[in-house]
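Quick caveat, the model's predicted, so the values are computed rather than measured. We're numbering straight along the sequence, starting at 1.
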Amino acid sequence: MPLPSQPLRKLGFLTIGLFDEADPRKGHESTLEIIQLGERLGFDSAWLRHRHLQYGISSPVAVLAAASQRTTRIELGTAVIPLGWENPLRLAEDLATVDILSGGRLNPGISVGPPMHYDQVKQALYPDTADAEDFGYDRVARLLDFVRGKPATDFSGVEGFEVFSDRVQPHAPGLGRRLWYGGGSLRSAQWAGEHAMNFLTSSVVKAEESEDFAEVQLSHVRAFRAHHPDGDRARVSQGLVVIPTDSASPEQRAKYEAYAEKRLPRTATPQGPARLMFAPDLVGTSAEIAERLYAHAAFREIDEVAFALPFTFEHDDYVQILTDIATRLGPALGWQASAQHG
């Protein structure tokens, strides 16, 4: 097996937090327990996906506030918050508040674009301004400015018994350096670099200059760093679905393989008018997965990952997968668990 150019420095995982409509608390509790398990196993970070009007976590910032009180070390991220659903000023306040509560462990990942199914939700979301809303990069720039402490108003000072600030409060020092952009195109990679963000590459990219997923992802990593003030030291995290089977039962292994096989056809060619490329799920022993990762052009360029958990599995499946990632796959990639875990 070829050695990577450098050992994996940070190991994280990403989950969607599904729940049953009739008993939503159980699913949210399961997610919090998985994050606590991740900390015990020594993971560096846990990330939540964002789902609106579905049976998955709709408010990851609120869930991460709860997670911040059940953990002490693990970093907590979102991958990603679609800004089209958010008011940047209000979101900046929420992010800063949770970062303060967590002791500076929040890593908010965001993306732009109109909300999914916008024609069906715009009357509920923006009844008076639906056609005037800007869902481009300027929305991210506003959030960056607010989080990084630029004035939100020209009014400050004392009025009666109340004291007003001209910038978002609380101000969370360092949070502005921990904002991530989730991008799947060259333009997004370049924009994120120019604005000194961190960059999340996902398992979905636009087939722009190639129809080879790893090559496309690699081009995004390099474009981001080429435009970032920190150059090659700019932080990039790669997200792929990996499902190690080392300690899986025969039934689990069969389920995992069927899941990946069902999703495989969409990885063969670009999908839809946006020409989206999907990465194949990696199922097998940790040694097999490590070998496939070392052969992945983009993986060889990064030293941080947030491996995505499959959406539809059971709690016990996630326990097995996370345990194998932390105890077998991570070490096979040169990663060492945090000395503070346990």
**OP:** Cation-pi check, Arg73 to Phe43: give yes when NZ or CZ is under 6.0 Å from the six-membered ring centre and within 45° of the ring axis, no otherwise.
**Re:**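 Arg73 over Phe43 ring: no.
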**OP:** Give a yes/no verdict on a cation-pi contact between Lys26 and Phe19, requiring under 6.0 Å between NZ or CZ and the six-membered ring centre and an angle within 45° of the axis.
**Re:**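 Ring-cation test returns no.
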Lys/Arg N to Asp/Glu carboxylate O, [X] vs [Y], below 4.0 Å:
| X | Y | result |
| --- | --- | --- |
| Asp99 | Arg105 | no |
| Arg142 | Asp138 | no |
| Asp119 | Lys122 | yes |
| Asp230 | Arg225 | no |

Heavy-atom closest pair, residues [X] and [Y]:
| X | Y | result |
| --- | --- | --- |
| Met277 | Ala207 | CG-CB, 3.4 Å |
| Phe199 | Ala192 | CD1-CB, 4.1 Å |
| Ser165 | Ser156 | C-CB, 4.0 Å |
| Ser188 | Tyr137 | OG-OH, 2.9 Å |
| Thr245 | Thr285 | OG1-N, 3.5 Å |

**OP:** Could you give me the CA-CA distance, side-chain angles and deciding distance for Leu309 and Leu322, then say whether side chain to side chain contact (heavy atoms under 4.5 Å, CB included) is met?
**Re:** CA-CA 9 Å; Leu309 295 175; Leu322 281 183; 4.1 Å; yes
Are the side chain of [X] and the backbone of [Y] linked by a donor-acceptor contact shorter than 3.5 Å?
| X | Y | answer |
| --- | --- | --- |
| Glu215 | Ser210 | no |
| Asp303 | Lys10 | no |
| Ser249 | Gln252 | yes |
| His28 | Val63 | no |
| Thr31 | Gly27 | yes |
| Glu194 | Pro229 | no |
| Glu162 | Glu159 | no |
| Gln320 | Pro244 | yes |
| Arg253 | Ala248 | yes |
| Arg139 | Leu83 | yes |

With a 4.5 Å heavy-atom cut-off, do [X] and [Y] have their side chains touching?
| X | Y | value |
| --- | --- | --- |
| Ile74 | Asp44 | no |
| Arg300 | His296 | no |
| Glu261 | Arg263 | no |
| Pro82 | His50 | yes |
| Met197 | Val140 | yes |
| Arg51 | Ile57 | no |
| Leu48 | Leu64 | yes |
| Leu175 | Pro108 | yes |

Transitively linked via ILVMFWY side-chain contacts under 4.5 Å: [X] with [Y]?
| X | Y | result |
| --- | --- | --- |
| Leu144 | Phe135 | no |
| Val80 | Val236 | no |
| Ile34 | Ile243 | yes |
| Val283 | Phe13 | yes |
| Ile302 | Leu240 | yes |

Original post:
For the ring pair Tyr181 and Phe224, is the centre-to-centre distance below 6.0 Å?
Top reply: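 Centroid separation for Tyr181 and Phe224: 6.0 Å or greater.
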Original post:
How about Phe313 and Tyr256: are their ring centroids closer than 6.0 Å?
Top reply: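 Yes, the ring of Phe313 comes within the 6.0 Å limit of the ring of Tyr256, centre to centre.
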Original post:
Could you go step by step and tell me if Glu314 and Lys255 meet the salt bridge (Lys or Arg N to Asp or Glu O under 4.0 Å) rule?
Top reply: CA-CA 11 Å; Glu314 300 299 319; Lys255 177 166 67 172; 5.4 Å; no
With a 3.5 Å cut-off and no angle check, do the side chains of [X] and [Y] form a donor-acceptor pair?
| X | Y | answer |
| --- | --- | --- |
| Thr201 | Gln238 | no |
| Glu133 | Tyr118 | no |
| Ser286 | Asp246 | yes |
| Ser247 | Asp324 | yes |
| Thr269 | Glu211 | no |
| Asn107 | Trp47 | no |

Return the [atom1] to [atom2] distance between [X] and [Y], rounded to the nearest 0.5 Å.
| X | Y | atom1 | atom2 | value |
| --- | --- | --- | --- | --- |
| Arg70 | Ile35 | CZ | CD1 | 9.5 Å |
| Leu18 | Phe311 | CG | CZ | 8.0 Å |
| Gln190 | His195 | CD | NE2 | 10.5 Å |
| Asp281 | Lys262 | CG | NZ | 12.5 Å |
| Phe307 | Leu11 | CZ | CG | 6.5 Å |
| Trp85 | Ser58 | CH2 | OG | 9.5 Å |

Original post:
Between Glu209 and Ser219, is a side-chain hydrogen bond (donor to acceptor under 3.5 Å, both in side chains) present by the stated rule, with each step listed?
Top reply: CA-CA 9 Å; Glu209 69 282 19; Ser219 73; 2.3 Å; yes
Original post:
Stepwise, does the side chain to side chain contact (heavy atoms under 4.5 Å, CB included) test hold for Glu33 with His315?
Top reply: CA-CA 9 Å; Glu33 290 169 12; His315 185 89; 3.5 Å; yes
**OP:** For side chain to side chain contact (heavy atoms under 4.5 Å, CB included), just list the numbers for Leu91 and Leu143, CA-CA rounded to whole Å, side-chain angles, deciding distance to a tenth of an Å, and then say yes or no.
**Re:** CA-CA 8 Å; Leu91 181 61; Leu143 179 71; 4.2 Å; yes
**OP:** Could you walk me through whether Leu76 and Ser45 pass side chain to side chain contact (heavy atoms under 4.5 Å, CB included), step by step?
**Re:** CA-CA 6 Å; Leu76 305 167; Ser45 61; over 6 Å; no
